[in-house]
Amino acid sequence: MSKSVRVRFAPSPTGYPHVGNIRTALFNWLFARHSGGTFIVRIEDTDVARRVEGALEAILDGLRWLGLDWDEGPEVGGDYGPYFQSQRLELYREAAQRLVAQGDAYYCYCSPQRLEEMRKEQARRKQPPGYDRRCRNLSAAERAQKEAEGITPVVRFKTPLEGQTKFNDLIWGEVVVENSTIDDFVLLKSDGYPTYHLANVVDDHLMEISHVLRAEEWLPSVPRHKLLYQALGYEMPLLAHLPMILGPDRTKLSKRHGAVSITEYQEQGYLPEAMVNFLALLGWSLDDKTEIISREELVRNFSLERVSKTAAIFNSEKLSWMNGVYIRSLSLEDFTQRALPFLERGLPPEVERPLSIDYVRRIMPLIQERARTLAEVPELAEFFFTTELEYDASLLIGKGMTQESTIEALKSAQQRLSELERFDEEPLEAVLRSLAEELGLKTGQLFGVLRVAVTGRTAAPPLFQTMAVLGREKCLSRIKAALEKLAPKLC
RNA sequence: GGCGCAUUCGUCUAGUGGUUUAGGACACCUCCCUCUCAAGGAGGAGAUCACCGGUUCGAAUCCGGUAUGCGCUACCA
């Protein structure tokens with residue numbers, strides 16, 4: 001009978017929610033939900049100096065936005081709390097003291113300055129960096145002397161000098177490391193906070209974590225953890241290291257590559273469901289063809305066996321395509337509701353607020369199939385809202401047309417449109433098609449002229465639908481404005 | 001420098017000894033649809049599976065070496 005699955009996402013509030021970290025959270029969440037296990041969020045706030053204000057909220061908001069709900073952790077509590085490492089200091093201290101008492105760890109009094117000089121020296125002599133173990137075998141008298149000097153020590157792990165440490169990773173297989181390449185790493189800092197290594201091992205044990213799913217960059221530190229588990233007499237959880245996410249230049253994805261925080265994607269109008277789909281496919285695949293896959297299918301099919309080992313480059317063009325697919329699949333009302341805040345925020349300030357929801361509802365069908373992100377919606381729809389259109393008059397003159405023929409076309413269109421009974425799509429199309437024929441113009445020529453006059457651009461939603469939404473009054477005044485733009489050129 | 005890991009179209013990937021003239025997707029190109037754009041449809045181009053050697057009747061798939069890349073090497077996570 002296998003233990004129940006308990007996995008954790010353990011972010012450090014030292015920065016904003018990086019998509020790489022969020023992908024790790026997603027995989028943990030998917031794994032938990034797939035196996036009916038427990039998804040835990042634990043805050044690793046042991047680095048007091050690097051703590052960033054607001055980072056914690058941003059991380060939790062990111063998880064919530066993507067729908068990655070946690071069963072234990074901040075705000076929800078749980079039986080294994082507290083879930084902030086800063087509130088578990090006593091636990092780490094006890095563990096560290098026990099290790100010292102057992103002879104598996106020792107106090108180190110070396111100053112940061114000395115350590116830095118030591119590292120410089122090692123670098124100069126091209127030797128592998130690492131603590132030189134000066135304090136490993138201090139006598140009781142020597143220790144008393146240092147204490148008397150008022151030095152607060154750190155606790156270091158007494159790494160075995162010989163032998164090797166082996167472990168098995170669910171994704172990478174067996175890895176073997178010589179103990180001689182591992183130095184005596186710090187367990188407890190002089191400020192009383194634990195390092196990641198200690199806190200992580202103690203908490204994963206106490207919280208009964210069954211599987212550790214985390215980024216590949218942790219792979220090299222597993223031997224230390226294994227040694228710690230052994231010294232503490234704990235059973236080590238199963239391990240699965242996830243491939244990294246890289247920028248287009250193949251280095252660790254960072255600020256230089258553009259948006260890296262999940263909150264930025266939210267602001268840029270990506271849909272959470274698209275984001276989940278895209279992130280899931282970064283390092284995992286269902287088969288040889290599935291691209292669009294729902295959250296439910298993801299949960300149903302997720303497995304560690306299908307996680308790849310190779311680092312993936314974040315392809316934002318593909319994300320953008322995928323987001324477009326999701327946008328188009330939304331119901332019109334859903335799309336409208338999601339686009340509304342972006343419109344309120346993104347439309348020019350002179351547009352009257354609040355926006356008329358009825359008017360917006362009529363516009364959105366024309367926008368939905370053209371937007372790749374919600375943030376594009378205001379730009380695509382702007383001409384529906386503004387009173388003045390700004391464009392170059394030369395755009396009005398279509399292919400194979402002259403100023404004169406353009407003016408003639410505009411004038412006769414003006415005439416017909418004002419006489420039209422119903423200003424709807426079908427009658428508009430009928431009247432304008434026959435007008436083109438009368439004028440001896442190709443439909444494309446006439447429609448092109450009108451498109452620019454009415455929208456101010458050469459690329460826009462279908463003309464008749466657009467005109468119908470704009471209404472007769474606006475269309476006529478815009479045609480008039482177009483004529484005025486062209487008229488001075490005649491003189 | 002040391003240690004570890006990886007290497008299939010530009011990118012994400014499928015592929016776990018023969019069904020592969022290596023499949024799909026994004027991006028790109030052509031054509032169709034069409035009032036422009038978008039979407040959609042049909043095609044195309046694009047990978048000597050990093051390289052070298054070995055095992056085998058047969059290797060992208062197994063083994064060894066080389067190269068390249070990435071990660072780690074903190075009183076950071």
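Chain letters run A, B, ... following the sequence lines, proteins first and then strands; every chain starts at 1.
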Pick the [atom1] atom in [N] and in [M], then give their distance to the nearest Å.
N: G4(B); M: A45(B); atom1: P; result: 44 Å
N: C76(B); M: A22(B); atom1: C1'; result: 44 Å
N: C12(B); M: G18(B); atom1: P; result: 26 Å
N: C3(B); M: U48(B); atom1: P; result: 32 Å
N: C33(B); M: A39(B); atom1: C1'; result: 11 Å
N: G64(B); M: A6(B); atom1: P; result: 12 Å
N: C49(B); M: A14(B); atom1: C1'; result: 13 Å
N: A47(B); M: U13(B); atom1: C1'; result: 13 Å

If you take the centroid of each ring, where Trp contributes its six-membered ring, are [Y] and [X] closer together than 6.0 Å?
X: His197(A); Y: Phe185(A); value: yes
X: Phe302(A); Y: Phe27(A); value: yes
X: Phe314(A); Y: Tyr265(A); value: yes

What's the closest nucleotide to the side chain of [X] if the choices are [options]?
X: Ala459(A); options: C37(B), A6(B), A77(B); result: C37(B)
X: Thr310(A); options: C75(B), U7(B), A77(B); result: U7(B)
X: Pro129(A); options: U73(B), A77(B), C3(B); result: U73(B)
X: Glu291(A); options: A25(B), A6(B), C75(B); result: A25(B)
X: Trp218(A); options: C70(B), A38(B), A77(B); result: A77(B)
X: Arg224(A); options: G71(B), U73(B), C75(B); result: U73(B)
X: Leu115(A); options: C75(B), U13(B), U73(B); result: C75(B)
X: Arg119(A); options: A74(B), G71(B), A77(B); result: A74(B)
X: Asp288(A); options: C5(B), G23(B), C72(B); result: G23(B)
X: Arg306(A); options: A38(B), A14(B), C26(B); result: A14(B)

Classify [X] by what it touches in the nucleic acid, base, sugar-phosphate, or nothing, heavy-atom distance under 4.0 Å.
X: Pro243(A); answer: nothing
X: Pro461(A); answer: base
X: Val175(A); answer: sugar-phosphate
X: Ala460(A); answer: base
X: Gly283(A); answer: sugar-phosphate
X: Pro194(A); answer: sugar-phosphate
X: Leu463(A); answer: base
X: Thr181(A); answer: sugar-phosphate
X: Glu44(A); answer: sugar-phosphate
X: Lys318(A); answer: base
X: Thr46(A); answer: sugar-phosphate
X: Asp287(A); answer: sugar-phosphate
X: Phe464(A); answer: base
X: Met322(A); answer: nothing

Is there a Watson-Crick or G-U wobble partner for [N] with both distances under 3.5 Å, and if so, which one is it?
N: C72(B); result: G2(B)
N: C57(B); result: G18(B)
N: G43(B); result: C29(B)
N: U66(B); result: A50(B)

Considering just the side-chain nitrogens and oxygens of [X], establish if one lies under 4.0 Å of OP1 or OP2 belonging to [N].
X: Lys309(A); N: G71(B); answer: no
X: Ser285(A); N: A14(B); answer: yes
X: Arg50(A); N: A74(B); answer: no
X: Lys189(A); N: C76(B); answer: yes
X: Arg125(A); N: G1(B); answer: no
X: Arg250(A); N: U11(B); answer: yes

Practice prompt. Assign each of Glu317(A) and Val325(A) to its nearest nucleotide of RNA chain B by heavy atoms, then name whichever residue's nucleotide is nearer the 5' end.
Written response: Glu317(A)
Worksheet item: Between Pro11(A) and Glu217(A), which is nearer to the 5' end of RNA chain B once each is assigned its nearest nucleotide?
Response: Glu217(A)
Item to complete: Would you sort out whether Phe464(A) and Phe447(A) count as a ring-ring contact (aromatic ring centres under 6.0 Å, His included), showing the intermediate values?
Response: CA-CA 9 Å; Phe464(A) 315 116; Phe447(A) 300 165; 5.0 Å; yes
Worksheet item: Taking everything shown except Glu162(A) itself, do over 12 heavy atoms lie less than 6.0 Å from its CD?
Response: no
Discussion item. Without decimals, in angstroms, what is the distance between Glu174(A) CD and C5(B) P?
Written reply: 10 Å
Fill in: base_contact_polar (G2(B) base, Gln127(A) side chain, donor-acceptor, <3.5 Å)
no
Fill in: Donor-acceptor pair present, Ser190(A) side chain and C75(B) base, under 3.5 Å
yes
[X] side chain to [Y] side chain, donor-acceptor N/O pair below 3.5 angstrom:
X: Asp47(A); Y: Tyr196(A); answer: no
X: Ser405(A); Y: Glu408(A); answer: no
X: Ser320(A); Y: Asn323(A); answer: no
X: Gln122(A); Y: Gln127(A); answer: no

Worksheet item: Is it true that Glu376(A) and Arg372(A) make a salt bridge, defined as a side-chain N closer than 4.0 Å to a carboxylate O?
Response: no
